Number of protein chains: 2
Amino acid sequence: MTQSRAYHHGDLRRALLDAAVEVMAESGPAALSLRDLARRAGVSHAAPAHHFGDKAGLLTALAAQGFALLAEALGNAGDELVDTGVAYVGFAVRHRAHFEVMFRPDLYRADDPEVVAARTRAGELLRTGVARRTGRGPDVDALAAWSIVHGFATLWLSGALPPRVGPDPEAAARTVISRLFP
Amino acid sequence: MTQSRAYHHGDLRRALLDAAVEVMAESGPAALSLRDLARRAGVSHAAPAHHFGDKAGLLTALAAQGFALLAEALGNAGDELVDTGVAYVGFAVRHRAHFEVMFRPDLYRADDPEVVAARTRAGELLRTGVARRTGRGPDVDALAAWSIVHGFATLWLSGALPPRVGPDPEAAARTVISRLFP
DNA sequence: ACTCTAACTTGCCATTGACAAGATAGCCCT
DNA sequence: AGGGCTATCTTGTCAATGGCAAGTTAGAGT
């Protein structure tokens, strides 16, 4: 996919987002620099501003993309509640950069319409995944399920978990989620 | 530890840390600037470097302080497992700035001896709190418990939780934790 | 009183985000 | 074919930041 047409660049917007993901995946969100992204894309230092306005604009686009990807991942998950949870963790691990931005609203404009729409959709899918297996109050169940997968994903990404958890986050997540919903 | 004598400033190190907590509590970690902290403390822009070396040094000190505070909070919690979990969430909410730095190892030197010591101690207290109530494998229980409280705290801080969860994070956390360990 | 050292300052540089003004290329319309 | 139109990108500039180097000062130790 992606461009081919090369005007001044062709598909700068996508190239910048891809570069941002790449940088953040290996160096964290703090290491992100618009000028660095521009250099990687081979354009001038002010080119990104045209597509995203400012840094927050770029991260807003990235967050929207992230919520859309999350919704897709949850939609493709199996029918069991556990599958939804594992998919959540899998998304966080596979799309680390997106995930880290999505839940840091001080970095972007969380009230952006596109973000709100994608986030809402992902939220619905998440709740649907839990609703299939409601033991107590569905609210409590949903909150507990979301908390446990989000916590596990966050801890995994931050490197805080001890080595004995093993190398496979999704397998470990499955075990932990099963503890909540046996 | 710590001095008190007031030379050029007296207690610059503490003043800078306090200012950093204040700034981050209202504007997030991204808004932190060493020069701004220096201005707030009424010293020159290079004064912070003497105490912390660089920005990562300041955040390292803050993380160590945070893990120590967490250990203290967990130590003061009640004997029940639920109490430990609620204390964890309470710490995150009450010491938001510390919490947000602690689990973002790309911002500081996670292998700093002081950080390692304080983190180890907090980890032990957390596992102790869970061990009192082991249903299945203690490892799985500990991981599930940590995940659920960490996830809830993180989601709360990021503002991602819907309003119907209510205004009191500790009360909501108690309900959620009870779902895991009834 | 003298020295010595930690604590702080002044000065500097490269990098960054943001803005303003200009250039360029493809498109549309006649 | 030609003439504008607009999105896209560039060049130039500014204030702010982190970090380094060299100098200064207060106060402790002797």
Side-chain angles (χ1 to χ4, degrees), chain A residues 2-24 26-63 97 101 104-109 112, chain B residues 1-20 22-24 26-63 97 101 104-109 112:
Chain A
T2 78
Q3 73 302 27
S4 51
R5 299 276 356 276
Y7 158 40
H8 275 159
H9 179 276
D11 208 356
L12 222 208
R13 186 187 160 92
R14 176 180 302 269
L16 290 172
L17 285 175
D18 289 353
V21 167
E22 190 183 348
V23 169
M24 290 181 51
E26 55 188 29
S27 308
L32 204 67
S33 145
L34 288 183
R35 290 170 108 102
D36 179 43
L37 298 183
R39 273 189 296 267
R40 286 168 184 254
V43 294
S44 84
H45 64 85
H50 183 261
H51 289 276
F52 301 105
D54 56 5
K55 197 173 184 177
L58 185 143
L59 293 178
T60 300
L62 220 145
V101 171
R104 212 161 301 166
D106 56 312
L107 292 183
Y108 66 98
R109 287 181 273 276
D112 175 88
Chain B
M1 72 204 56
T2 80
Q3 59 294 46
S4 53
R5 299 288 354 282
Y7 157 41
H8 273 159
H9 178 277
D11 211 355
L12 221 208
R13 185 186 160 91
R14 175 180 302 270
L16 290 172
L17 286 175
D18 289 352
E22 190 183 351
V23 170
M24 290 181 49
E26 56 187 30
S27 309
L32 203 67
S33 144
L34 288 183
R35 288 168 110 103
D36 179 43
L37 298 183
R39 274 189 296 268
R40 287 168 184 254
V43 296
S44 84
H45 65 85
H50 184 263
H51 289 277
F52 300 105
D54 56 6
K55 199 172 183 177
L58 186 143
L59 294 177
T60 300
L62 219 146
V101 171
R104 211 161 301 167
D106 57 311
L107 292 183
Y108 66 98
R109 287 180 273 276
D112 175 89

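The structure presented is a predicted model; accordingly, all values stated were derived computationally and were not measured. Letters A, B, ... mirror the listed sequences (proteins, then strands); counts begin at 1.
Note on B:H51: every side-chain N or O is 4.0 Å or more away from OP1 and OP2 of C:dA6.
When heavy atoms are screened at a 4.0 angstrom cut-off, A:A49 is found touching no nucleic acid atom at all.
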Between the protein and nucleotides 14-16 of chain C, which nitrogen or oxygen pairs come in under 3.5 angstrom?
residue: C:dT16; atom: OP2; partner: A:R39; partner atom: NH2; Å: 3.2

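Whole-Å rounding puts the A:L59 CG to C:dG17 P distance at 10 Å. Following rounding to the nearest Å, A:F52 (CZ) and D:dC9 (C1') show an atom-to-atom distance of 14 Å. Rounded to whole angstrom, the span from the NE2 atom of B:H50 across to the P atom of D:dC20 amounts to 14 Å. Regarding A:R13, its CZ atom lies at a distance of 15 Å from the P atom of D:dA7, rounded to whole Å. Atom CG of A:D11 and atom P of D:dA7 are 18 Å apart (whole Å). Going from atom CG of B:L58 over to atom C1' of D:dG18 covers 13 Å, rounded to whole Å. For the pair B:D54 CG and D:dG19 P, the computed distance is 5 Å after rounding to whole Å. Here D:dT17 presents its P atom at 11 Å from NE2 of B:H45, a figure rounded to the nearest Å.
Nearest heavy-atom pair, B:V23 versus B:A31, reported as atom, atom and distance to 0.1 Å: CG1-O, 4.2 Å. In terms of heavy atoms, A:D106 sits closest to B:S27 at OD2-O, 4.4 Å. Residue B:R109 comes nearest to B:T60 through the heavy atom pair N-OG1, 3.0 Å, listed as atom of the first residue, atom of the second, then distance.
Contact of the A:L62 side chain with the A:Y108 side chain is not registered, since no non-hydrogen atoms from C-beta on lie closer than 4.5 Å. In this structure, the side chains of B:L37 and B:L32 come closer than 4.5 Å at one or more pairs of heavy atoms.
Out of C:dC12, C:dT9, D:dA7, the shortest distance to the side chain of B:S44 is found at C:dT9.
Applying the side chain to side chain donor-acceptor pair (under 3.5 Å) criterion to B:D18, with sequence neighbours excluded, gives no partner residue.
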For residues 38-45 of chain A, please give each side-chain donor-acceptor pair under 3.5 Å, one per line with the distance, not counting sequence neighbours.
residue: A:R40; atom: NE; partner: A:D36; partner atom: OD2; Å: 3.2
residue: A:S44; atom: OG; partner: A:A46; partner atom: N; Å: 3.4

